[in-house]
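Chain naming here is simple, since letters A, B, ... match the order of the sequence lines and numbering starts at 1 in each.
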Protein chains: 2
Amino acid sequence: MADFSQTRSLFKIPDGVIYLDGNSLGALPLAVPARVNSMIEAEWGQELIRGWNSAGWMVQPRRVGDRIARLIGAAPGTVVMGDTLSIKVYQALAAALSLNPGRRVILSDSGNFPSDLYMAQGLVRTLGDRATLKVVEPEAVEAAIDDSVAVLMLTEVDYRTGRMHDMKALTKKAHDAGALAVWDLAHSAGAVPVDLAGADADFAVGCTYKYLNGGPGAPAFIYVAPRHADVAPPALSGWMGHEAPFAFDLDYRPGGGIERMRIGTPPIIALAALDAALDAWDGVSMQEVRKASIALSELFIAEVEKRCPSLTLASPRDASRRGSQVSFRHPDGYAIMRALIARGVIGDFRAPDALRFGFTPLYIGEAEVRGAVDILEEVLAKKLWDKPEYRQKELVT
Amino acid sequence: MADFSQTRSLFKIPDGVIYLDGNSLGALPLAVPARVNSMIEAEWGQELIRGWNSAGWMVQPRRVGDRIARLIGAAPGTVVMGDTLSIKVYQALAAALSLNPGRRVILSDSGNFPSDLYMAQGLVRTLGDRATLKVVEPEAVEAAIDDSVAVLMLTEVDYRTGRMHDMKALTKKAHDAGALAVWDLAHSAGAVPVDLAGADADFAVGCTYKYLNGGPGAPAFIYVAPRHADVAPPALSGWMGHEAPFAFDLDYRPGGGIERMRIGTPPIIALAALDAALDAWDGVSMQEVRKASIALSELFIAEVEKRCPSLTLASPRDASRRGSQVSFRHPDGYAIMRALIARGVIGDFRAPDALRFGFTPLYIGEAEVRGAVDILEEVLAKKLWDKPEYRQKELVT
């Protein structure tokens, strides 16, 4: 296993906490506070409006996009930052549908993150009878790809179980059937090696607050394959995607390439945080991360199955079919997770019954995994979770 | 005139700078750096994922929205933060069109900010033959409101000249004709008194990086009139607007009231900056701001017209028809603005020939106005702008 002790020193992990929820919100990279402060004080405070040029704010969405491109197998100039993942889903889906005008069906699965499905439903309502959304079970996706499908829209790694789709095979199947493929990399970017170019994906989108550690609500990204970048029509045609934003024309003319996927004024403070967070990835190979992630996940599964028999594995047992998280089911999963969190082991819960644990080799190692199982075993063996305060639902579960 | 010396002490203005561009990017409120740092270190760093509950992140878009509501004549619970202004325009416009299904015409004007028109064009393309955009001159808007109009979409204060529409009269005219009214308050919020409830506006949107000083790319806001809030269908139907986001249903069900206008995961770092910036407005009345703004603008116009005869006023002379900015035209406006900026007087330029100066009484007073005119007079009298380096275009003009 690669030695991640150096990257671990780049993160703040609070005392007494074993953090296994980096798949939901990444830990704080120590470089972030100073970088954000400098952006605020030296750039905004001192440069004021001039910062758009002098501090490079205007090109930041593309510059940061290039840093992420390296982690997802995309060429420089094919990724741009902005908005939220939901907005990026809408953009990618609308553009993909436009590029396949003879067809109406968006094919997705029930393992997709709900917001992706919701955004598709909103787009379908807006498009009227020109589109329809078909949702099948994850296992039925491959068989459902036929020549009625305009766009295959999937999240590569299932947020509930970590089950991973075969991006390359499904994209090929989609292309062979005359469909385009849109991939959501929310649980992939920084978690597993992604090869967008090699898989020949048409569009990809993702968030940066999970494995990329950009902070709560950090900006999303969108990838457009070079063959589509100059022809994909933007449905969300904001001024920053205009060919000449500062000409203030009354008519929209899309900018060249990935630039047209920009919409409004970019979130510069949030981009500064993300940019600093990405420093932790310098010199890190996704292959090494994957190797470490599998070792941690395998250890976790083996220990839990040995010591916590009341839990049932919900994730694929085959590591090659699993992202960088492991889920176990238990009817009282919610209360168990609350009891774990109260003892410093932070994972999360996904309805109806999944305890979810994320493995982020940049700052989590074997000692944390063993420590987490120790506490999990005790919580279950002594039924420490069986208290009213652990059953009480919080706003965010 | 009210005494704004106290609010002025809340802002950082760099030495040697006279900042008359707060209408484009507000100055840095001194409370921002510490608040953002605390959000990052104590909330994200220490609370990690728990911050969504323990630090109130999940309710922040609405809590900050309520602070802005006070400044725009909106009731608590009618404004929510998120995304960019362009996205909020799309949301408001799509919802308004849905509420007026028998009609197709979106009426706007050529004084609207181009991104609003671009987003409308994108929506029209997506809607197909169910909508069309009609753009008239600002002076022709009133006469163009007829019973074909579904939605009147206007920016209250013209970004080029500061010319102000009569929100109340035009909204009434729209309603009398059976149309809905969507108002963009980008150059109104924090600049002029706005009374959304009194004007009976249907929807309003705005950005917070201008007069509200939230920082570059700060989150936008949307207002929905209470009568529409539970029935307006969200076109951008993201999970945060779902009735129960953490139920992870496969089907979208809009949340109650303004909550349904949320889309993706909220930008918590940026919201912390904005929240801190809004402290400067505590106890400040928009009527006092307006009084001071008019005094500063009137002084500026009088001094410029007396001392800089080569400039032509582009803004309405009647202060009651003008927002909190003043524009003057000159064929060499671009080079003149560059020469001014080089001398510390920061305004901006809007093609083809407008020099634009914003007045932000929270941190700009009479001394700055007089000082700016001194330098402007010298730049013009000595033709100091007539240099190649001032003609060279920058990325952001």
**Nearest-0.5 Å distance that lies between atom OG in A:Ser24 and atom CH2 in B:Trp52** = 9.0 Å

**Item:** Shortest non-hydrogen contact between A:Trp44 and B:Leu25, atoms and distance
**Value:** CD1-CD2, 4.0 Å

**Item:** Among the listed options B:Ala247, B:Gly217, B:Ala235, B:Pro219, the residue most often paired with chain A at heavy-atom distances under 4.5 Å
**Value:** B:Gly217

**Message:** For B:Leu85, which atoms come within 4.5 Å of any heavy atom of chain A: side chain, backbone, both, or neither?
**Reply:** neither

**Message:** Ignoring hydrogens, what is the shortest heavy-atom contact between A:Gly264 and B:Ser86? Give both atom names and the distance.
**Reply:** CA-OG, 4.1 Å

**Request:** Identify which part of B:Asp116 has an atom lying under 4.5 Å from any heavy atom of chain A, answering side chain, backbone, both or neither.
**Result:** neither

**Request:** Heavy atoms only, distances under 4.5 angstrom: which of A:Val32, A:Ile87, A:Val135, A:Asp251 has the most pairs with chain B? Name it, please.
**Result:** A:Asp251

**Item:** Which of A:Ile269, A:Ile346, A:Leu127 touches chain B most, by non-hydrogen pairs under 4.5 Å
**Value:** A:Leu127

**Request:** Counting only heavy atoms closer than 4.5 Å, note whether B:Pro216 contacts chain A via side chain, backbone, both or neither.
**Result:** both

**Prompt:** Do you know which of A:Asp21, A:Ile341, A:Asp348 makes side-chain contact (heavy atoms from CB on, under 4.5 Å) with B:Arg50?
**Reply:** A:Ile341

**Request:** Show your working on side chain to side chain contact (heavy atoms under 4.5 Å, CB included) between B:Val36 and A:Asn37 and close with a plain yes or no.
**Result:** CA-CA 8 Å; B:Val36 169; A:Asn37 191 261; over 6 Å; no

**Complete:** The interface call for B:Val89 against chain A, heavy-atom contacts under 4.5 Å, is neither

**Complete:** Okay, B:Met39 and chain A: the region with an atom under 4.5 Å from a heavy atom over there is side chain

**Item:** Per-residue contact mode, B:Arg160 against chain A (heavy atom under 4.5 angstrom)
**Value:** neither

**Request:** Might you point out which heavy atoms bring A:Pro14 and B:Gly45 nearest each other, and give the distance in Å?
**Result:** CG-O, 3.3 Å

**Item:** Gap between atom OH of B:Tyr252 and atom CE of A:Met119 - 0.5 Å precision
**Value:** 9.0 Å

**Message:** Between B:Arg253 and chain A, with a heavy-atom cut-off of 4.5 Å, which part of the residue counts as in contact: side chain, backbone, both or neither?
**Reply:** neither

**Intermediate values then yes/no, side chain to side chain contact (heavy atoms under 4.5 Å, CB included), B:Leu250 and A:Tyr118** = CA-CA 8 Å; B:Leu250 295 185; A:Tyr118 302 161; 5.9 Å; no

**Message:** Let me confirm one number: the CG-OG1 distance from B:Leu123 to A:Thr126, rounded to the nearest 0.5 Å.
**Reply:** 7.0 Å

**Asked** For chain A, which of B:Ile13, B:Leu97, B:Leu48 has the most heavy-atom pairs under 4.5 Å?
**Response** B:Leu48

**Complete:** Bottom line for A:Tyr159: the part with an atom under 4.5 Å from chain B's heavy atoms is side chain

**Asked** Can you name the closest pair of heavy atoms from A:Ile49 and B:Tyr19 and give their distance?
**Response** N-OH, 3.4 Å

**Complete:** If you tally heavy-atom pairs under 4.5 Å between each of A:Gly128, A:Gly82, A:Ala270 and chain B, the highest tally belongs to A:Gly128

**Item:** Verdict with reasoning, A:Asp83 to B:Asp83, per side chain to side chain contact (heavy atoms under 4.5 Å, CB included)
**Value:** CA-CA 6 Å; A:Asp83 310 291; B:Asp83 310 292; 5.7 Å; no

**Prompt:** Could you give the distance from OH (A:Tyr90) to CG (B:Leu236), rounded to the nearest 0.5 Å?
**Reply:** 5.5 Å

**Fill in**
Note: vs chain A, highest number of non-hydrogen pairs under 4.5 angstrom among B:His242, B:Glu47, B:Met240, B:Glu43 is B:His242

**Asked** To the nearest 0.5 Å, how far apart are OG1 in A:Thr84 and CH2 in B:Trp239?
**Response** 10.5 Å

**Request:** Measure the CD-CG distance between B:Glu41 and A:Leu28 for me, rounded to the nearest 0.5 Å.
**Result:** 6.0 Å

**Non-hydrogen side-chain atoms of A:Pro114 and B:Asp249 separated by less than 4.5 Å** = no

**Item:** Modelled atom types, side-chain donor and acceptor of A:Arg125 and B:Ser237, under 3.5 Å
**Value:** yes

**Prompt:** Which atoms of B:Tyr209 come close to chain A, meaning under 4.5 Å heavy atom to heavy atom: side chain ones, backbone ones, both, or neither?
**Reply:** side chain

**B:Pro266, part contacting chain A, at a heavy-atom distance under 4.5 Å** = backbone

